[in-house]
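Below: the structure, in C-alpha cells.
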Amino acid sequence: MISHSRRHCVVELQAMPSRIGQVRRIVSAQLRYWQLDPLIDRAALGVTELLSNVHRHAQPDKACTVEIELLLGRLTVSVHDNDPRLPVLKDSDPLETCGRGLALVEAVSEAWGARHRADSPGKVVWFSLRAAPAPAVPAYPVRLDATPVRENAPPVGVAAAVAVAAPAPGAVTVRA
C-alpha cells in the first residue's frame, strides 16, 4: 500500500529482495516530485540498507513501513518493523561483504537513529538529510547550431558535442 500527501509518503511492504528495488524507485520518484533530485542517490542507498537489515534480521516477520517526510528543510526516511531489537553500529573491516549497512547509513546521512515504537512492539530506524531543491532549469533559450548533412556525403566519424560560451546574452551554442 502506498499513501502520500504533499510532504509525506508511506509505503507498507514485506522486506523481500524484490520489493526493496521497488521501494528504492518509489523513493526516487517521490524525491523527483519534491524537486529534491540531489538527495536521490543518498536516500535510495540509505533506504536500501535499512530494508536489507529488516530482511536479514527482523523477527517475527518481514512486514515493515517506509516513511518519507519533508519538513522544515529536512528529509527524514524511516523504516518501522515489528522486531523490538535495536540495531547496533559495529566496527567492521572495509573488505567485509556484509555488516556495514548502518555504517553506510551514517556515512550518507547527516543524522540517524533508532528507537522503540511507542504505539506497538517493534522499532523505527531513521536517517535524515538536509533538503535543498534541485537547481532550476535555465530560463534562457538554448540554441543549437548544426551543420547540415549532405545526402551523399562520405561517412564521418562521430564527434562529441562541445558546449561553448554563449556569444549572445542568455543563449548557449552547442556545435556538433
Contacts of type side chain to side chain donor-acceptor pair (under 3.5 Å), residue T48, not counting sequence neighbours: R24
Separation of Q30 CD from I26 CD1 (nearest 0.5 Å): 9.5 Å
Shortest non-hydrogen separation from H116 to L86 and the atoms involved: CE1-CD1, 3.6 Å
Output a table of donor-acceptor pairs, distance under 3.5 Å, between side-chain atoms of residues 71-81 and any protein atom two or more places apart or on a different chain; print 'none' if there are none.
{"residue": "R74", "atom": "NH1", "partner": "E110", "partner atom": "OE1", "Å": "3.3"}
{"residue": "S78", "atom": "OG", "partner": "H80", "partner atom": "NE2", "Å": "3.3"}
{"residue": "H80", "atom": "NE2", "partner": "E67", "partner atom": "OE1", "Å": "3.0"}
{"residue": "D81", "atom": "OD1", "partner": "D83", "partner atom": "N", "Å": "2.9"}
{"residue": "D81", "atom": "OD1", "partner": "K123", "partner atom": "NZ", "Å": "3.0"}
{"residue": "D81", "atom": "OD2", "partner": "K123", "partner atom": "NZ", "Å": "3.0"}

Rounded distance (nearest 0.5 Å) linking atom CG of L31 with atom CD1 of I68: 6.0 Å
Contacts of type salt bridge (charged side-chain N to carboxylate O under 4.0 Å, His left out), residue R117, not counting sequence neighbours: D119
Non-hydrogen side-chain atoms of L13 and C64 separated by less than 4.5 Å: yes
Nearest atoms (heavy-atom pairs only) where I40 meets S28: CG2-OG, 3.4 Å
Same apolar cluster: V54 and L89, side chain cutoff 4.5 Å: yes
Side-chain donor/acceptor of K62 to backbone N/O of H55, under 3.5 Å: yes
Min side-chain heavy-atom separation W34-L39 under 4.5 Å: no
Closest heavy-atom pair and its distance - S128, S109: O-CB, 3.5 Å
Cluster check V23, W126: I/L/V/M/F/W/Y, side chain < 4.5 angstrom: no
Shortest non-hydrogen contact from F127 toward V105: CB-CG1, 3.8 Å
Side chain to side chain donor-acceptor pair (under 3.5 Å) involving N53 - partner list, sequence neighbours excluded: none
Side chain to side chain donor-acceptor pair (under 3.5 Å) partners for D41, two or more places apart: none
I20 side, atom CD1; E49 side, atom CD - distance, nearest 0.5 Å: 9.0 Å
Flag for R19-Q22: side-chain donor and acceptor within less than 3.5 Å: yes
Reported CZ-to-CG distance for the pair R7 and L70, which is rounded to 0.5 angstrom: 5.0 Å
Spacing of CZ belonging to R85 relative to CD belonging to Q59, to within rounding of 0.5 Å: 6.0 Å
Residues that R130 engages under side chain to side chain donor-acceptor pair (under 3.5 Å), provided they are two or more places apart: none
